[in-house]
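Data first, discussion second: the structure below is written as structure tokens.
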Amino acid sequence: MTAFAPKTYQQQVLDSVEAYFKACHELPSPSIAFTATTERLWGRGNAYNPLSGFPPDMPYFCLRVPTGGGKSVALVNTHLLRCEHSVILWLVPSKPIREQTLRALRDRLHPYHSALREAGPIAVMDLDEAKSVTRATLD
């Protein structure tokens, strides 16, 4: 299989996410960064809705883009977390999609796996496997 090449709308989403992550480091809070980024991108500053129960300085947003999520991992690591590795929780709406996604993510030749590997080494596990993840895997 060939490497994943984002469609135009997917690339626009990824560019928007990158702009928000950069703004999170340049501005005093995630809410100001979100409003400023949406103002700059779309001409209207959208309200930021913090996630209840989490620190107010923790950036929060939900990314829902078909077949574009894997590319966002490198953006998160590089522009938001500024780290080499991270733990990613991949949510899917149904058991068949979960099984299909797990197969794809575990297949080293699949574009999903390749997109994640661009961000660094990966370990793919389902919920049961994640319950017994070792420190070595996380390191």
Side-chain angles (χ1 to χ4, degrees):
M1 292 190 152
T2 59
F4 171 77
K7 295 180 174 91
T8 301
Y9 77 92
Q10 292 167 324
Q11 190 59 55
Q12 290 170 337
V13 170
L14 294 171
D15 292 344
S16 300
V17 168
E18 181 177 338
Y20 173 60
F21 290 163
K22 288 179 177 180
C24 284
H25 288 286
E26 296 165 357
L27 298 171
S29 74
S31 62
I32 293 171
F34 185 82
T35 303
T37 301
T38 55
E39 171 75 27
R40 194 176 81 239
L41 292 172
W42 303 304
R44 179 174 162 248
N46 293 335
Y48 177 78
N49 299 308
L51 191 57
S52 177
F54 287 88
D57 62 342
M58 184 184 84
Y60 165 76
F61 72 101
C62 181
L63 179 64
R64 290 183 179 185
V65 182
T67 67
K71 291 287 187 184
S72 65
V73 174
L75 292 176
V76 170
N77 290 352
T78 302
H79 299 293
L80 180 65
L81 300 176
R82 295 181 175 174
C83 69
E84 205 172 317
H85 302 61
S86 61
V87 175
I88 306 299
L89 174 62
W90 202 294
L91 302 173
V92 295
S94 68
K95 184 176 179 179
I97 292 174
R98 182 183 75 221
E99 291 168 356
Q100 176 187 4
T101 303
L102 274 169
R103 272 194 310 277
L105 291 174
R106 287 178 170 153
D107 178 355
R108 296 184 57 79
L109 300 177
H110 196 282
Y112 289 2
H113 186 95
S114 298
L116 289 176
R117 203 172 49 243
E118 286 178 18
I122 68 169
V124 177
M125 56 192 79
D126 64 20
L127 289 175
D128 289 330
E129 295 165 331
K131 291 176 186 175
S132 59
V133 69
T134 65
R135 181 68 191 183
T137 299
L138 293 175
D139 287 343

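Note that the structure is predicted; figures quoted are calculated from it, not measured.
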- Query: Take atom CG in Leu138; do more than 12 heavy atoms of anything else shown fall under 6.0 Å from it?
  - Reply: yes

- Query: So which residues get pulled into Leu91's cluster when ILVMFWY side chains under 4.5 Å apart are joined, directly or through others?
  - Reply: Leu89

- Contacts of Arg135 meeting side-chain hydrogen bond (donor to acceptor under 3.5 Å, both in side chains) (sequence neighbours excluded), chain-then-number -> Asp139

- Partner residues of Ala36 under the side chain to side chain contact (heavy atoms under 4.5 Å, CB included) criterion, sequence neighbours left out: Leu27

- Asn77 and Glu84: which non-hydrogen atoms are nearest, and at how many Å? ND2-O, 3.6 Å

- Message: Holding to salt bridge (Lys or Arg N to Asp or Glu O under 4.0 Å), I want the full list of residues that pass it with Arg103, two or more places apart in sequence or in another chain.
- Response: none

- Message: Holding to side chain to side chain contact (heavy atoms under 4.5 Å, CB included), I want the full list of residues that pass it with Ser94, two or more places apart in sequence or in another chain.
- Response: Pro96, Ile97

- Query: Any donor and acceptor pair, going by atom type alone, linking the side chain of His25 with main-chain N or O of Leu80 inside 3.5 Å?
  - Reply: yes

- Message: Quick test of your reading: applying salt bridge (Lys or Arg N to Asp or Glu O under 4.0 Å), list the pairs with at least one residue in residues 9-36, sequence neighbours left out, ordered by first then second residue.
- Response: Glu18-Lys22

- Message: Once side chain to side chain contact (heavy atoms under 4.5 Å, CB included) is applied, do any residues pair with Leu41, and if so which ones, sequence neighbours excluded?
- Response: Ser16, Thr37

- Query: Taking only residues two or more places apart in sequence or in another chain, which ones pass side-chain hydrogen bond (donor to acceptor under 3.5 Å, both in side chains) with Thr134?
  - Reply: Thr137

- Message: Restricting to side chain to side chain contact (heavy atoms under 4.5 Å, CB included), what partner residues turn up for Asp126, sequence neighbours left out?
- Response: Leu102, Arg106, Asp128, Glu129

- If you take all heavy atoms of Ala33 and Cys24, which pair is closest and at what distance? CB-N, 3.6 Å

- Item | Ser31: partners by side-chain hydrogen bond (donor to acceptor under 3.5 Å, both in side chains), with sequence neighbours left out | Ser29

- Message: One pair to check against side-chain contact (heavy atoms from CB on, under 4.5 Å): Val124 and Tyr112. What are the steps and the verdict?
- Response: CA-CA 11 Å; Val124 177; Tyr112 289 2; over 6 Å; no

- Message: Less than 4.5 Å apart, side chain to side chain, heavy atoms only: is that true for Pro30 and Met58?
- Response: no

- Using side-chain hydrogen bond (donor to acceptor under 3.5 Å, both in side chains) as the criterion, list what pairs up with Glu99, not counting sequence neighbours. none

- Is there any side-chain hydrogen bond (donor to acceptor under 3.5 Å, both in side chains) pair reaching into residues 39-48, and which pairs are they, with sequence neighbours excluded? Arg44-Asn46

